[in-house]
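Down below is the structure, laid out as structure tokens.
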Amino acid sequence: MKKAVAVVPAGGSGARMGGRRPKQYLALGGAPILVLTLRALARCRSLEGLIVAAPADRVEATRELLRRFRVPRVLSVVPGGAERQDSVREGLQAAPSDAGWIVVHDAVRPFVTPDLIDRVLKGKINPGKVFDLRLPIAQVAEGYRAMDERRAVKALLQP
């Protein structure tokens, strides 16, 4: 299999949550969600390393956080952009030139498993096609649909 790396867009401000701190830095079970996500990705043997696109004003603080929590296999932490796609672009530009595959995984999805990424990279999910790691789940209740401020609810599980 070709070399694969993960790009983790973590540049969001968490504005929709209304908190003082971006949600990727909120603690879950004693560690920031970003740390949990990166640890989950680092357990995947198919990935050579991880690239994090952090908020531009938190790049050095994010590097220190990842050192303090001893997150393995981080290749680099780069400044993210104003929008998610900008952060993905910055992460892609930081990827090693010999990377054959890039997995993009959101910073606030810590429940991804090595098996899921391995299956995707080995082509067992949508072979030969562009794919994402969202998995279909049961229909979303109509009452929830009315509450969604983005007006587009998809019945998906994002690990």
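These numbers come from a predicted model, not from an experiment. FYI, the numbering just counts along the sequence from 1.
For the atom pair Arg109 CZ and Leu36 CG, the distance stands at 14.0 Å (nearest 0.5 Å). To the nearest 0.5 Å, atom CG of residue Asp98 and atom NZ of residue Lys3 are 4.0 Å apart. Atom SG of residue Cys44 and atom CG of residue Asp115 lie 9.0 Å apart, to the nearest 0.5 angstrom. Expressed to the nearest 0.5 Å, how far CG of Leu28 lies from NZ of Lys23 amounts to 13.0 Å. In this structure, CZ on Arg58 lies 11.0 Å from CG on Leu34, to the nearest 0.5 angstrom. Atom-to-atom distance recorded for Arg89:CZ and Gln85:CD is 8.0 Å, nearest 0.5 angstrom.
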Please walk me through it: do Thr37 and Val108 pass side chain to side chain contact (heavy atoms under 4.5 Å, CB included)? CA-CA 7 Å; Thr37 298; Val108 294; 5.8 Å; no
Stepwise side chain to side chain contact (heavy atoms under 4.5 Å, CB included) test for Leu65 and Tyr25: CA-CA 9 Å; Leu65 176 78; Tyr25 299 105; 4.0 Å; yes
Pair Val120, Val103 - check side chain to side chain contact (heavy atoms under 4.5 Å, CB included), show working. CA-CA 9 Å; Val120 168; Val103 172; 5.8 Å; no
Just do the side chain to side chain contact (heavy atoms under 4.5 Å, CB included) check on Ile102 and Leu92 with the steps written out, would you? CA-CA 8 Å; Ile102 307 285; Leu92 291 172; 3.5 Å; yes
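Between Pro9 and His105 the shortest heavy-atom distance is CD-O, 3.4 Å. Between Gly11 and Ser87, the closest heavy-atom pair is CA-OG, 4.1 Å. Scanning both residues, Phe69 and Gly30, for their nearest heavy atoms gives CE2-O, 3.9 Å. Closest of all the heavy-atom pairs between Ala95 and Val5 is CB-CG2, 4.2 Å. When all heavy atoms are compared, the tightest approach of Leu41 to Ala6 is CD1-CB, 4.3 Å. Contact between Leu26 and Arg21 at its shortest, heavy atoms only, is CD2-NE, 4.0 Å.
Remark: side-chain polar atoms of Arg43 are not paired, donor with acceptor, to backbone N or O of Leu38 under 3.5 angstrom.
By the side chain to side chain donor-acceptor pair (under 3.5 Å) test, Arg67 pairs with Glu60, Glu64, sequence neighbours left out. Remark: Arg84 engages Asp106 in a side chain to side chain donor-acceptor pair (under 3.5 Å) (not counting sequence neighbours).
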Quiz: residues 74-83 side-chain donor-acceptor pairs under 3.5 angstrom, not counting sequence neighbours:
none

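Within a 6.0 Å radius of CZ in Arg68, other residues, nucleotides and ligands contribute more than 12 heavy atoms.
Annotation: side chain of Ile117 is in contact with side chain of Val112 (closest heavy-atom distance under 4.5 Å).
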